[in-house]
Asker: 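Have a look at the structure that comes next, please.
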Amino acid sequence: MTNEAILPHPVLIGGQWRAARANGVFHAENPATGEALPGEYPVSSWEDCDAALGAAAEAAPLLRRAAPGAIAEFLTRYAERIEERAGEIVEMAHLETGLEKAPRLAGVELPRTTGQLRQAAAAAIDGSWALPVIDVRLDLRSRYEPIGPVLVLGPNNFPFAYNCVAGGDFAAAIAAGNPVIGKGHPSHPGTTCLMAREAALAARESGLPAGTVQMLCHVGNEDGLRMVADRRLAAVGFTGSRAAGLALKAAADAAGKPAFLEMSSLNPVVILPGALAERGAEIAGEFAASCLLACGQMCTKPGIVLLFAEAGLDRFIAAAKEKFEAAAVGPLLSAGVARSLRESVQTLREAGALVITGAGSIEGPGYRFPNTLLSVSGSQFLADPEKLQREAFGNAALFVIMDGVEEAAAILAHFDGNLTGGIYSDSVGADDGLYGRLAPLLRARVGRFLNDKMPTGVAVSPAMNHGGPFPATGHPGFTAVGIPAAMRRFAMLACYDNVRPGRLPAQLRDPGPQ
């Protein structure tokens with residue numbers, strides 16, 4: 001074996017792949033087997049972070065002046081390059097995450113990712129995302145403009161669609177005219193490196209500044225927080241755990257800069273009595289399929305279901321239990337995810353939740369946990385709402401059995417902010433009174449409000465809101481999915497007062513003669 005073969009993977013800084021100035025190294029693991037995968041990846045020191053920030057700061061004014069067509073060309077060419085290497089990228093992601101190659105990775109997530117990039121390219125050309133406003137009488141003009149270098153930190157559960165150098169935050173920040181420093185997730189470093197290579201080539205082909213796209217495989221917590229506080233960085237985009245998100249938010253708040261965080265969500269579903277009696281078995285099947293999709297590792301998984309103690313309840317619980325016990329148990333994304341899930345289920349049990357099925361152990365390779373259903377009474381929930389809202393990220397969910405509308409309203413009033421929430425009601429109007437009482441309470445606590453459907457599945461649409469009140473996100477007024485709205489997170493509102501016509505951005509000049 002040559003020395004070159006055992007060197008850690010290089011990092012992308014200032015348009016060049018170079019050896020990292022590292023504090024340490026790490027390996028990816030195959031969560032289906034628990035075995036280390038080939039390849040060694042660096043944990044960059046502050047020297048790398050400093051160099052990336054410097055290159056991003058140099059690129060920012062150049063990118064601000066770049067033609068929208070050049071940015072669109074990059075995003076489009078990047079999407080094409082990803083598709084050209086789709087087989088290799090999908091294979092790597094499958095090994096690093098345990099997610100199925102088809103349809104999940106190849107047929108769903110990768111096309112969604114390239115579709116996002118192309119939507120962002122179209123928005124960059126169109127320009128309406130900037131919301132230009134012209135007041136001719138006062139000679140005032142304003143629009144949204146690039147905010148500056150953006151640090152993007154992606155999660156473990158979407159190796160493509162939320163990747164730090166390919167996902168929604170990345171596409172939105174670039175389309176708005178900002179350079180991006182991507183901090184990879186240690187669960188899928190090989191996937192991120194493959195995509196970063198295509199991004200770097202596409203940026204070079206499109207003539208964008210060298211520091212437009214940069215990638216560090218990983219950094220220590222202290223250096224990551226130092227990057228957030230650095231004056232050269234303008235904003236942060238993050239998807240991940242609440243603990244990590246709150247640490248980033250504290251650092252960003254102290255430095256006075258925006259941090260757009262997607263952190264945690266239970267995505268409550270309320271099933272009203274009429275719906276339960278009318279189609280309880282059908283809803284139980286929808287719930288099980290949604291909750292266990294990707295082994296429950298979806299940010300929009302229905303993690304808590306509110307049910308009334310009325311006719312049909314026992315049949316619904318029995319049907320859901322049967323579905324959970326019959327479903328295959330896939331691998332969790334990492335040893336850390338498995339450990340956190342066990343701890344969360346234990347916390348729910350200590351707070352009074354009873355096990356309907358699961359919560360034991362599984363023999364076999366990799367990181368797995370039994371499909372688990374728990375239940376708790378409404379009165380028990382109200383006695384300890386904080387612990388019983390503990391997110392169990394993975395293949396587990398909690399039923400809350402309520403005694404009447406007043407208890408239901410009290411429970412909803414205790415809910416934290418969530419990404420989504422929904423209500424199932426019957427088709428003949430028997431549930432309308434209950435719906436009218438409970439819907440406003442739930443509506444105020446979720447970003448996306450659903451009727452008669454489960455929350456998994458986030459359409460990449462201009463009308464989508466993938467956000468919500470704290471602590472689902474760090475700011476309730478923005479979405480992580482949906483172009484062009486997602487772009488405005490990474491923009492500043494720029495106003496021009498009495499500026500001479502020739503000095504104005506073309507978008508803010510008076511229209512010529514018709």
Side-chain angles (χ1 to χ4, degrees), residues 1 5-9 24-43 85-110 113 154-164 166-167 184-197 217-218 239-241 289 291-299 301 324-346 357-372 392-396:
M1 182 177 293
I6 61 173
L7 290 175
H9 197 284
V25 295
F26 68 98
H27 294 267
E29 290 184 321
N30 183 336
T33 64
E35 296 174 345
L37 292 168
E40 199 168 62
Y41 300 90
V43 179
R85 295 190 70 180
E88 184 180 357
I89 292 171
V90 165
E91 180 64 30
M92 179 66 78
H94 168 66
L95 289 173
E96 292 185 328
T97 66
L99 297 171
E100 60 182 5
K101 287 187 277 189
R104 163 64 194 266
L105 291 172
V108 178
E109 191 179 341
L110 191 133
T113 304
N156 56 5
N157 59 338
F158 280 89
F160 305 152
Y162 287 82
N163 192 286
C164 67
H185 195 285
S187 287
H188 46 73
T191 303
T192 300
C193 289
L194 286 174
M195 301 186 94
R197 287 193 176 278
C217 296
H218 197 29
T239 305
S241 72
C291 185
L292 298 179
L293 183 64
C295 205
Q297 298 166 115
M298 305 284 280
C299 49
K301 178 198 79 174
F324 266 57
E325 291 174 347
V329 177
L332 296 166
L333 289 162
S334 69
V337 170
R339 181 174 59 253
S340 177
L341 179 57
R342 286 193 298 271
E343 291 171 354
S344 294
V345 169
Q346 184 59 32
T357 187
S361 60
I362 287 185
E363 296 294 330
Y367 309 120
R368 301 169 197 268
F369 190 79
N371 297 330
T372 298
F393 184 72
N395 49 330

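Numbering of residues begins at 1 and proceeds along the displayed sequence.
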Asker: Mind listing the closest non-hydrogen atom pair of H188 and P155 along with its distance?
Answerer: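 For H188 and P155, the tightest heavy-atom pair comes out as NE2-O, 3.0 Å.
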Asker: Which residue, L333, L99, L110, forms the side chain to side chain contact (heavy atoms under 4.5 Å, CB included) with P159?
Answerer: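 Of the listed residues L333, L99, L110, the side chain to side chain contact (heavy atoms under 4.5 Å, CB included) partner of P159 is L99.
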Asker: Can you list the steps and then say if N371 with L292 is a side-chain contact (heavy atoms from CB on, under 4.5 Å)?
Answerer: CA-CA 8 Å; N371 297 330; L292 298 179; 3.7 Å; yes
Asker: Tell me if a side-chain donor or acceptor on E96 pairs with a main-chain N or O of G190 at a distance below 3.5 Å.
Answerer: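 Side chain of E96 to backbone of G190: a pair is present.
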Asker: Return the CG to CD distance between L105 and E91, rounded to the nearest 0.5 Å.
Answerer: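 Reported value, rounded in 0.5 Å steps: 10.0 Å.
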Asker: What residues, two or more places apart in sequence or in another chain, satisfy salt bridge (Lys or Arg N to Asp or Glu O under 4.0 Å) together with R197?
Answerer: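 Expected list: none.
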Asker: Closest heavy-atom contact between A161 and E109?
Answerer: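 Closest approach of A161 to E109: N-OE2, 2.9 Å.
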Asker: Is a donor on one side and an acceptor on the other found under 3.5 Å between the side chain of R368 and the backbone of V329?
Answerer: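 Yes, because the side chain of R368 sits within donor-acceptor range (under 3.5 Å) of the backbone of V329.
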Asker: For the residue pair A392 and K301, what are the closest heavy atoms and their distance?
Answerer: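 The pair with the smallest heavy-atom distance is O-NZ, 2.6 Å.
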Asker: Among L341, L332, N157, exactly one meets side chain to side chain contact (heavy atoms under 4.5 Å, CB included) together with F393. Which residue is that?
Answerer: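 Looking at L341, L332, N157, the match for F393 under the side chain to side chain contact (heavy atoms under 4.5 Å, CB included) is N157.
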Asker: In terms of relative ring orientation, are Y41 and H9 parallel, tilted or perpendicular, with 30° and 60° separating the classes?
Answerer: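 The arrangement is parallel - the two ring planes meet at less than 30°.
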Asker: Has the side chain of E88 got a donor or acceptor atom that lies under 3.5 Å from a matching backbone atom of R85?
Answerer: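 Checked: no pair found.
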Asker: If every non-hydrogen atom of F26 is compared with every non-hydrogen atom of P189, which pair is closest and at what distance?
Answerer: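 That closest heavy-atom pairing would be CE1-CG, 3.8 Å.
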Asker: How close do P331 and C295 get, counting heavy atoms only, and between which atoms?
Answerer: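 The pair with the smallest heavy-atom distance is O-CB, 4.1 Å.
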Asker: Strictly by side chain to side chain donor-acceptor pair (under 3.5 Å), give each pair with a member in residues 331-345 just once, sequence neighbours left out.
Answerer: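 Checked against side chain to side chain donor-acceptor pair (under 3.5 Å) - neighbours excluded - the pairs reaching residues 331-345 are S344-R390.
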Asker: Nearest 0.5 Å please: distance from the CD1 atom of I89 over to the CZ atom of F160.
Answerer: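 Rounded to the nearest 0.5 Å, the CD1-CZ separation comes to 6.5 Å.
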Asker: What closest approach, in Å, do P370 and G358 show between heavy atoms, and which atom pair accounts for it?
Answerer: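 Where P370 meets G358 most closely, the heavy atoms are CB-CA, 4.0 Å.
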Asker: Give every residue pair that meets the side chain to side chain donor-acceptor pair (under 3.5 Å) criterion with at least one member in residues 25-38, sequence neighbours excluded.
Answerer: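 Counting only pairs at least two positions apart or across chains, the side chain to side chain donor-acceptor pair (under 3.5 Å) contacts touching residues 25-38 are E29-Y367.
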Asker: Kindly compute the distance separating OH (Y162) from OG1 (T239), expressed to the nearest 0.5 Å.
Answerer: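 Between Y162 OH and T239 OG1, I get 6.5 Å after rounding to 0.5 Å.
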Asker: Quick one: OG1 on T357 to CD on E325, what's the gap to the nearest 0.5 Å?
Answerer: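 One finds 3.5 Å between OG1 of T357 and CD of E325.
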